[in-house]
Amino acid sequence: MNQPIQDHAVSRRIERGFFQRDPLTCSRELIGCTLAWKHCAGIIVETEAYSTINDEASHTFVRPSARAFVAKHRPGAAYVYFNYGVHWMLNVLVKGGSEDGFVLFRAIEPTRGLHLMTRRRFPESAPAIRPIQALCSGPGKLAAALGVDSRDHGRDLCRGGSIGFFLPEQPASVVADVRIGISKAAHLPWRFLAAGSPFVSVKPRPAVS
DNA sequence: ACACGGATACTA
DNA sequence: AGTATCCGTGTC
């Protein structure tokens, strides 16, 4: 259990240049990649894109502090914030392409550190059979399972070590859908999911034909 | 359907 | 200071 990242995976580590592109491209291409976070890891199965350009749902639209964050950090920096007084949200800054913005991580398929993630998510519970599909099936769940909090705000996710992103053996099949849980600019199809994955927060609505 | 709960950025 | 808003989850 808790095996370190394999050598072949290390060679597939995503470098900073990956995040020097626009939010939509990064959000789409991160689907199927592995997010490694210390002793835990999972396959990214759901993301959302937020842009600093004409996106009312982005923090940068109304928060000077978010705009300052974009200005001060390099692409690949973690943007972490507390929402609804309850949950931490993990984003990564993308910067230097046609548009700057963020990718919000909404769900991963857990692959490593399952016991640790389960303990973090259900600290008071006795060991019980939990549906693994629901362990990281939402941005708040994901951050809680990985132990993400304010200390990770601004962290460089491209420095190597036990935290980082890794390309899959082969590209995933990706589906696009509208973003979830937002009150503004909710019609934009900027949510990306691994096709058919049971580990997502909300299944995509069927495509209209 | 609803309670839970804090950071941020307003108004004054 | 007080108020409005917010990219959610679990339980009712």
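Chain letters run A, B, ... following the sequence lines, proteins first and then strands; every chain starts at 1.
A heavy atom lying under 4.0 Å from DNA chain B marks the following residues of residues 79-90 of chain A, by number: Phe82(A), Tyr84(A), Gly85(A), Val86(A).
A side-chain N or O of Glu46(A) and one of Ser201(A) form a donor-acceptor pair less than 3.5 Å apart. Counting only N and O atoms by type, the side chains of His73(A) and Tyr79(A) include no donor and acceptor under 3.5 Å apart.
In summary, the aromatic rings of Phe102(A) and Tyr81(A) are positioned with their centroids too far apart to meet the 6.0 Å limit.
Residues passing the salt bridge (charged side-chain N to carboxylate O under 4.0 Å, His left out) test with Glu29(A) are Arg21(A), sequence neighbours excluded.
Taking side-chain N and O atoms only, Ser65(A) has a distance below 4.0 Å to OP1 or OP2 of dA9(B). Close to dT5(C), at under 4.0 Å from its OP1 or OP2, lies no side-chain N or O of Ser183(A). Lys184(A) has no side-chain polar atom (N or O) that falls below the 4.0 Å cut-off from OP1 or OP2 of dC7(C).
Note on Arg191(A): nothing from the nucleic acid sits closer than 4.0 angstrom, heavy atoms only. Here Arg106(A) lies in heavy-atom contact (under 4.0 Å) with sugar-phosphate atoms only.
Stem analysis of DNA chain B (Watson-Crick or G-U pairs, both distances under 3.5 Å, runs of at least three) returns B:1-4 with C:8-11, B:6-11 with C:1-6.
Taking every side-chain heavy atom of Lys141(A) into account, dG10(C) is the closest of dG10(C), dT8(B), dC7(C).
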